[in-house]
Structures are given as C-alpha cells and as structure tokens.
Colleague: 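First the structure, then my questions, so here it is.
Note that the structure is a prediction, hence the values are computed from the model and not measured. Remember, it's 1-based here, ligands and their atoms both numbered in the order they're listed. These numbers come from the heavy atoms of this one structure, side chains and all, not from hydrogens, waters or symmetry mates.
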Amino acid sequence: MMIAETQGKMLHQLIKLLGVSRILEIGTFTGYSTLAMASALHGDNDRLVTLERDPKPQALAKKYIKRLELEDRIDFRLGPAMESLVAIAEERPRDQYDLVFIDADKKGYIPYYDFVMNNNLLSDRGIIVADNVLFFGQVHRIAGYQDDDTAKGSKNIRKKAKYAHEFNKHVLDDSRVQVVILPLFDGVSIINKKRV
Ligand SMILES: C[S@@+](CC[C@H](N)C(=O)[O-])C[C@H]1O[C@@H](n2cnc3c(N)ncnc32)[C@H](O)[C@@H]1O
C-alpha cells in the first residue's frame, strides 16, 4: 500500500528543507512515494535509489516516473531488498544517503536499519524515515498504552504491529541516534544521528 498524501507532502518538504540530494528508498510499490521524493530533488547530480522485489508494481512505477521525465534521477533495483542493499554497498562503498525511507516488509525493518547504520550508508546530517511504525493504532496496544494490551484485527495485522513495535524499541535502544515518532497517518519515525 502506498503512503498517504500528507506523508508524501511531508517527505517532499523535508527533502527541500534539508537540502537532501541522495535518497535510498526501500519499498517502491507503484512509485507514489518515489515520485513524491524524486520531484523534490533539483540538483544535476541528485539521485534516488529505490528497491522493490516485485516486478509488476516496479514496472508501473517506471511508467509513471518516465511520464513525468524523472527517470534520469532514479536507479530502480529489482530483488529482495537486503540483496540490493548489499549490492549497492559493494558497488559504491563510499556513497551515503541523506534520506533513507524504509517502507517494505515490516519484518525487514530492523535488518534494513542495521545494515544502513552499520555500513555507514547514512550521511552525518541524514535522516531515516520509517513508515507504519504505529500500525493503525495497534502498536499502542502492544506497547501498553491502552487498558487492553492485545492488538486487534487479523493475525497478519497483529504480526505486523508486533514487528513495528520491535523496530521502535530497537531504534530507541540505539545510542547512536535520536528518534521522534509522528502520528501522521499510521505513524512515521524520523531518525537522525546524534551529533558528537
Ligand atoms: C508499503 S509498499 C511501498 C509503498 C511505497 N513506498 C509508496 O508509498 O508508494 C511495500 C513494498 O515493498 C515491497 N517489498 C516487501 N518486501 C520486500 C523485500 N523483502 N524486498 C524488496 N521489496 C519488498 C512490496 O512488494 C511492496 O511493493
């Protein structure tokens, strides 16, 4: 599922406000967020790399991006995100990203986050934005902010909410970063490196 319109606007504005020039997106789907972010880039060398394992939505994303003549800024990668991350880090070991947007399988959030942080893919002034971190209110239940601490909904929703909760705790326990969770749509984390 694609991000909400307000989230797209937030990403677009963040990119402009922070002067972001390198973006790494994990989870392209049909390219809505890719487009929201790529259209905020303006420098000749600004680039966005986006990772997707499913060729069907990726083909649609390519079509929309081409229609808007943004294809020169975008490096589309097909395959499991972790494999693409390893390939990118090997191909361009010195490249860093000012914005990493994590919006793929919830189980992968911790491994993606760890890979980015441990391989120095995030620039010092960069941010990681992670989507769905409140999972439609269900993470509040698991975290004990409601009387009833069991998540509601299907087994799949409860499983995803659990992964989101584990990711939130993982980031909070990482002394290298600070994080704020915004209750925008179903929750967005903005994570940055602490300045030493
Ligand atoms: C929530 S959607 C992304 C939505 C997109 N960011 C947007 O707002 O338009 C998640 C996408 O991640 C992809 N995905 C899930 N697991 C993946 C994996 N392990 N590797 C690569 N892509 C994956 C799915 O195929 C899906 O297209």
Colleague: Polar contacts were defined as any N/O atom of the residue lying under 3.5 Å from an N/O atom of the ligand; does this apply to Thr30 and ligand 1?
Modeller: no
Colleague: Once you restrict to heavy atoms under 4.0 Å, what part of Met1 touches ligand 1? Side chain, backbone, both or neither.
Modeller: backbone
Colleague: Indicate, as side chain, backbone, both or neither, the part of Asn132 found under 4.0 angstrom from ligand 1 when only non-hydrogen atoms are considered.
Modeller: neither
Colleague: To the nearest 0.1 Å, how far is atom 7 (C) of ligand 1 from its closest protein heavy atom, and which atom is that?
Modeller: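 Heavy-atom neighbour on the protein nearest atom 7 (C) of ligand 1: Ser33 OG, 3.1 Å.
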Colleague: Looking only at protein heavy atoms, identify the closest one to atom 24 (C) of ligand 1 and say how far it is in Å.
Modeller: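 Residue, atom and distance for the closest contact: Glu52 OE2, 3.4 Å.
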Colleague: What residue and heavy atom of the protein are closest to atom 20 (N) of ligand 1, and at what distance?
Modeller: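 Checking every protein heavy atom, the shortest distance to atom 20 (N) of ligand 1 gives Ala81 N, 2.8 Å.
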Colleague: Specify the protein heavy atom at minimum distance from atom 10 (C) of ligand 1: its residue, its atom name, and the distance to 0.1 Å.
Modeller: Asp103 O, 3.1 Å
Colleague: Let me see the working for Arg77 and Glu91 under salt bridge (Lys or Arg N to Asp or Glu O under 4.0 Å), right down to the final yes or no.
Modeller: CA-CA 13 Å; Arg77 302 281 174 129; Glu91 282 166 30; 2.8 Å; yes
Colleague: Can you find an N or O of Pro57 that's nearer than 3.5 Å to an N or O of ligand 1?
Modeller: no
Colleague: Is Ala36 close enough to touch ligand 1? Criterion: a residue heavy atom under 4.0 Å from a ligand atom.
Modeller: no
Colleague: Taking N or O atoms only and a 3.5 Å limit, does Asp54 qualify as a polar contact for ligand 1?
Modeller: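 N/O-N/O distance under 3.5 Å: no.
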Colleague: What protein heavy atom is closest to atom 22 (N) of ligand 1, reported as residue, atom name and distance in Å?
Modeller: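 The answer is Arg53 N, 3.2 Å.
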